[in-house]
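Working notes for the structure below.
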Number of protein chains: 2
Amino acid sequence: MSRSKAYKSDVKAALHETATDLYEAGLIDKKTMRGFDESCLTPVAPLTPREIRALREREHVSQTVFANYLNVTPNLISKWERGEKKPSGPAAKLLSLVEKHGLTAVA
Amino acid sequence: MSRSKAYKSDVKAALHETATDLYEAGLIDKKTMRGFDESCLTPVAPLTPREIRALREREHVSQTVFANYLNVTPNLISKWERGEKKPSGPAAKLLSLVEKHGLTAVA
DNA sequence: TGATTCTATGGTACTAAGTACTAGATTGCA
DNA sequence: TGCAATCTAGTACTTAGTACCATAGAATCA
């Protein structure tokens with residue numbers, strides 16, 4: 001089940017590596033690289049407080065453990081889940097990584 | 001080359017999944033889970049401005065493309081590399097992920 | 001030659017994320 | 001009974017991150 005889940009990102013990884021190889025061979029330029037890379041990116045969707053909590057509970061971890069994975073304080077996880085604060089750009093990216101690939105993707 | 005690099009994290013991923021399975025089977029409690037998870041985490045080291053730039057150039061991407069991967073603005077990448085701002089907790093975590101697993105790990 | 005685009009720097013100003021501290025209520029375990 | 005973990009809650013502070021702006025070098029193409 002995790003195999004089909006990882007399929008898309010695997011394709012993207014292969015695309016990026018192919019593009020990187022072509023770049024290093026001098027066959028494509030940076031401008032092309034940019035096009036490749038941006039089309040490879042998975043969009044990060046802003047998560048609601050309850051989505052964040054559901055995500056954490058899906059992984060069977062406490063707020064403290066979850067905080068350790070994301071390199072933030074446990075207090076901030078609580079604030080996210082109660083809607084007192086909203087994840088910043090990098091934080092939202094981390095959350096979407098966990099959502100799509102599981103906690104082990106950010107271990 | 002990338003195989004030996006991924007070895008440690010693969011072991012950790014396996015450990016986490018084993019612990020998760022044991023938890024779902026009711027054989028270990030959350031307290032034990034916590035011990036498992038925290039020992040699985042790779043510590044994030046604060047990166048210097050020039051380390052951040054070296055990391056980006058290692059991946060052959062512009063500041064703009066790099067920013068898209070990390071879900072921040074290109075201006076912030078510039079500030080990181082010039083030492084005007086320092087990456088926050090979640091941002092540092094993302095950078096260490098790129099450092100250890102490459103850009104495709106955050107695609 | 002000029003025109004255009006990408007790249008990166010530099011600055012200013014503002015919003016709010018993230019941190020650190022505290023305390024309280026709850027649960028479960030010894 | 002006490003001890004520890006979990007989560008909530010609040011306060012106050014620092015600064016990361018954003019949104020603008022203008023500038024300049026390098027590369028590409030007419």
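Chain letters run A, B, ... following the sequence lines, proteins first and then strands; every chain starts at 1. These figures come from a predicted structure and were not determined experimentally.
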Could you tell me how far apart B:K85 (NZ) and C:dT15 (P) are, to the nearest whole angstrom?
14 Å
Considering every strand and a 4.0 Å limit on heavy-atom distances, what is the contact class for B:K86: base, sugar-phosphate, or nothing?
sugar-phosphate
Phosphate oxygens OP1/OP2 of C:dT9: is one of them under 4.0 Å from a side-chain N or O of B:Q63?
yes
On DNA chain C, does the nearest nucleotide to A:E84 precede the nearest nucleotide to B:S78 from the 5' side, or the other way round? Give the residue.
B:S78
Which of these nucleotides, D:dT8, C:dT19, C:dT12, is closest to any side-chain atom of B:K79?
C:dT12
Tell me whether the OP1 or OP2 atom of C:dG18 has a side-chain N or O from A:W80 closer than 4.0 Å.
yes
Should A:R56 be listed as having a side-chain N or O under 4.0 Å from OP1 or OP2 of D:dT6?
no
State, to 0.1 Å, how close B:N71 and A:G89 come at their nearest heavy-atom pair, and which atoms those are.
ND2-O, 3.0 Å
How close or far is atom P of D:dA12 from atom CG of A:L76, stated in whole angstroms?
19 Å
Rounded distance (Å) that lies between atom C1' of D:dA12 and atom CG of A:N75
13 Å
Over how many whole Å does the gap from A:E81 atom CD to D:dT6 atom P extend?
13 Å
Would you say A:I77 and A:L70 make side-chain contact, with heavy atoms under 4.5 Å?
yes
Listed nucleotide nearest any side-chain atom of A:P90, set C:dG18, C:dT9, D:dG17:
D:dG17
Just the rounded figure in Å: distance from P of C:dA8 to CZ of B:R50.
18 Å
Measure the distance from CD1 on A:I77 to C1' on C:dA17 and round it to the nearest whole Å.
13 Å
Considering only C:dG18, D:dA9, C:dA8, which nucleotide approaches the side chain of B:S62 most closely?
C:dA8
Could a donor-acceptor pair under 3.5 angstrom be found where the side chain of B:N71 meets the base of D:dG17?
no
Considering only C:dA8, D:dT8, D:dC7, which nucleotide approaches the side chain of B:R53 most closely?
C:dA8
C:dA8 C1' sits how many Å from B:E57 CD, rounded?
12 Å
Is a side-chain donor or acceptor of A:R56 paired with a backbone partner of A:V61 at a separation under 3.5 angstrom?
yes
In whole angstrom, give the distance that lies between atom CZ of A:R82 and atom P of C:dA17.
14 Å
Looking at every non-hydrogen atom in both residues, tell me the closest pair between B:E51 and B:T48 and how far apart they are.
OE1-N, 2.7 Å
Is a side-chain donor or acceptor of A:K93 paired with a backbone partner of B:P90 at a separation under 3.5 angstrom?
no
At under 4.0 Å between heavy atoms, what does A:S88 touch on the DNA or RNA strands: base, sugar-phosphate, or nothing?
sugar-phosphate
Hey, is the side chain of B:T73 poking within less than 4.0 Å of OP1 or OP2 on D:dT18, counting only N and O atoms?
yes
